[in-house]
> 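Quick one: structure below, then a few questions.
Residue numbers begin at 1 in each chain, while the letters A, B, ... track the order of the sequences.
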Protein chains: 2
Amino acid sequence: MKTTFRDIRDALRARIVARDWPPGALIPSEADLAQEYTCARATVNRAMRELAEEGLIERRRKSGTRVRDVPRRQASFEVPVVRREIEATGARYAYTLISRSVELAPDWLRARLNLDDKTRVLHLICMHFAEGLPYQHEDRWINLTALAQAEQADFSQAGPNEWLLATVPYTDAEISFSAISADQDLARHLGCAPGDALFVAERMTAFQGQSITYVQLVHQRGHQLRMRY
Amino acid sequence: MKTTFRDIRDALRARIVARDWPPGALIPSEADLAQEYTCARATVNRAMRELAEEGLIERRRKSGTRVRDVPRRQASFEVPVVRREIEATGARYAYTLISRSVELAPDWLRARLNLDDKTRVLHLICMHFAEGLPYQHEDRWINLTALAQAEQADFSQAGPNEWLLATVPYTDAEISFSAISADQDLARHLGCAPGDALFVAERMTAFQGQSITYVQLVHQRGHQLRMRY
DNA sequence: CAGTGGTCTAGACCACCCA
DNA sequence: GGGTGGTCTAGACCACTGC
């Protein structure tokens with residue numbers, strides 16, 4: 001059995017967690033570790049690069065590698081696509097288009113998406129259901145200047161998210177999470193009481209510097225976003 | 001100027017985004033690309049490994065590398081430490097301990113943390129302020145079986161999060177986000193109206209298989225968690 | 001079986017940056 | 001200036017898996 005970079009990475013991580021090298025301590029150089037583990041320096045490099053990505057250590061040329069005083073912890077999660085999210089639980093997915101209209105972008109939207117005056121946008125409101133129960137309320141705006149084809153697309157059978165993914169797959173996005181109180185409309189669609197606290201995701205996506213879409217996704221009462229790290 | 005793995009990675013990404021290779025398409029093999037870009041295969045490998053981590057492509061031995069039909073998008077964010085989060089905005093941070101008690105773990109907590117019967121826990125309630133305004137309400141439980149020292153620690157000046165980070169820096173954690181309505185107590189501490197929708201983070205952390213702590217962090221009204229991807 | 005990605009090696013050169 | 005990490009190369013062997 002040869003020593004792999006995984007072995008070395010795990011061994012180093014174990015020594016860090018055991019405080020063999022306490023927070024702030026300097027770790028031996030790549031060359032030294034390569035000798036200790038009888039492997040090439042590139043192998044040690046790969047191992048330590050991964051630990052650096054994990055946020056456990058901090059590397060600098062010349063000064064060497066240190067155990068971070070406070071480990072940098074980052075959590076990540078897969079950006080959900082509502083249909084898959086629902087089907088992954090084994091539930092039946094259903095979709096309804098509630099309204100569709102073409103409008104001039106309202107001021108707040110122009111400000112968020114950095115749109116010109118008089119930009120036309122497609123405004124869609126939809127609902128997503130899991131096993132027949134309301135799951136998510138989607139309020140979406142699509143920039144028709146950037147994506148004129150959207151005006152001809154049929155959103156009566158499938159949600160705009162799936163159409164967008166197929167049409168503009170490679171976007172930059174900003175996402176934010178917060179809480180809002182259900183108004184009359186949301187309460188009716190989501191089957192909760194007005195005033196109930198609801199979990200909201202908002203997303204803006206851009207492609208090649210142009211804003212494509214803004215969406216507000218309001219989840220059913222009690223919804224949680226979970227992840228490990 | 002030599003060709004670096006970054007150059008190759010960016011060039012390949014550009015070709016994918018330009019649909020030079022459309023979703024689902026097979027990308028040339030590492031060996032072919034190495035020839036095309038006049039570099040070593042290891043360099044192409046590094047470039048493509050990063051694209052795979054980004055979720056743009058999917059690699060399999062023998063069958064080769066494909067552009068993902070739907071790119072796997074994952075967002076990541078740095079797990080916030082409230083004091084830093086506040087100080088990063090330039091605001092003054094303040095902390096108050098509201099209550100401290102040692103109790104037997106209630107049933108719901110025993111279930112969540114998988115604790116034995118009659119486990120003693122330290123229960124802390126604290127507030128974090130930004131520029132004098134309520135920012136976050138912290139309701140924390142620490143497993144005294146796993147971390148007996150916590151009983152002697154002084155939480156009147158600094159929050160338990162910082163103490164825990166210094167004491168047990170390398171933990172596994174599960175985090176979840178949701179929305180709740182403010183009850184009387186939360187409303188009073190956070191300076192909002194009862195019933196207001198508030199953004200909540202909950203976190204459970206473990207070390208070496210033992211549950212260390214559970215915390216509920218309720219944020220000021222209107223708080224958002226933002227990230228790009 | 002054979003083609004593809006996954007990894008290791010030994011050596012090399014370079015960029016950075018602390019002393 | 002010199003030590004450290006960052007990266008590239010050329011070659012090699014292996015693991016996986018579709019044919």
> How close or far is atom P of D:dT9 from atom CG of B:Asp7, stated in whole angstroms?
11 Å
> Please tell me if B:Thr65 has a side-chain N or O lying less than 4.0 Å from either OP1 or OP2 of C:dG5.
yes
> Run A:Phe199 and B:Phe177 through ring-ring contact (aromatic ring centres under 6.0 Å, His included) and show every step you take.
CA-CA 8 Å; A:Phe199 180 72; B:Phe177 299 107; 7.3 Å; no
> Would you confirm whether A:Arg15, through its side chain, and A:Asp20, through its main-chain N or O, come within 3.5 Å as a donor-acceptor pair?
no
> With distance as the sole criterion, is a donor-acceptor pair present between the side chains of B:Gln224 and A:Glu202 under 3.5 Å?
yes
> Compare every heavy atom of B:Thr145 with every heavy atom of B:Gln210, then report the nearest pair and how far apart it is.
NE2-CG2, 4.4 Å
> Check the distance between D:dT4's P and A:Ile57's CD1 and give it to me in whole angstrom.
15 Å
> Under 3.5 Å, which protein N or O atoms sit close to an N or O of nucleotides 15-19 of chain C? Give each pair with its distance.
unit_1: C:dA15; atom_1: N3; unit_2: A:Arg61; atom_2: NE; d: 3.3

> For B:Leu51 and C:dG5, what is the distance between atoms CG and P respectively, to the nearest whole Å?
13 Å
> Can you find a side-chain donor-acceptor pair between B:Arg140 and B:Thr213 that sits under 3.5 Å?
yes
> What is the separation between atom CD on B:Gln35 and atom P on D:dA10, rounded to the nearest whole Å?
12 Å
> With no hydrogens and no angle check, is any side-chain donor or acceptor of B:Arg73 less than 3.5 Å from a backbone partner on A:Thr171?
yes
> Can you tell me how the ring of B:Phe155 sits relative to the ring of B:Trp163, calling it parallel under 30°, perpendicular over 60° and tilted otherwise?
perpendicular
> Rounded to the nearest Å, what distance is computed from the CZ atom of residue A:Arg9 to the P atom of nucleotide C:dC8?
10 Å
> Starting at CD1 of B:Ile8 and ending at P of D:dC8, how long is that distance when rounded to a whole Å?
7 Å
> Between B:Arg41 and B:Glu30, does any NZ, NE, NH1 or NH2 come within less than 4.0 Å of an OD or OE carboxylate oxygen?
yes
> Is the B:Tyr95-B:His128 ring centre distance short of 6.0 angstrom?
yes
> Starting at atom CD of B:Glu58, determine the distance to atom C1' of C:dG6, rounded to an integer number of angstrom.
16 Å
> Residues from residues 38-50 of chain A sitting under 4.0 Å of DNA chain D, heavy atoms only?
A:Arg41, A:Asn45
> Does anything in residues 18-31 of chain B reach DNA chain D, meaning a heavy atom under 4.0 Å, and if so which residues?
none
> Please confirm whether the backbone N or O of A:Asp7 pairs with a side-chain atom of A:Asp10, one donor and one acceptor, at under 3.5 Å?
no
> Is the shortest side-chain N/O distance from A:Arg59 to OP1 or OP2 of D:dG6 below 4.0 Å?
yes
> Could you tell me whether a side-chain N or O of B:Arg72 sits under 3.5 Å from a main-chain N or O of B:Ile57, the two making a donor and an acceptor?
no
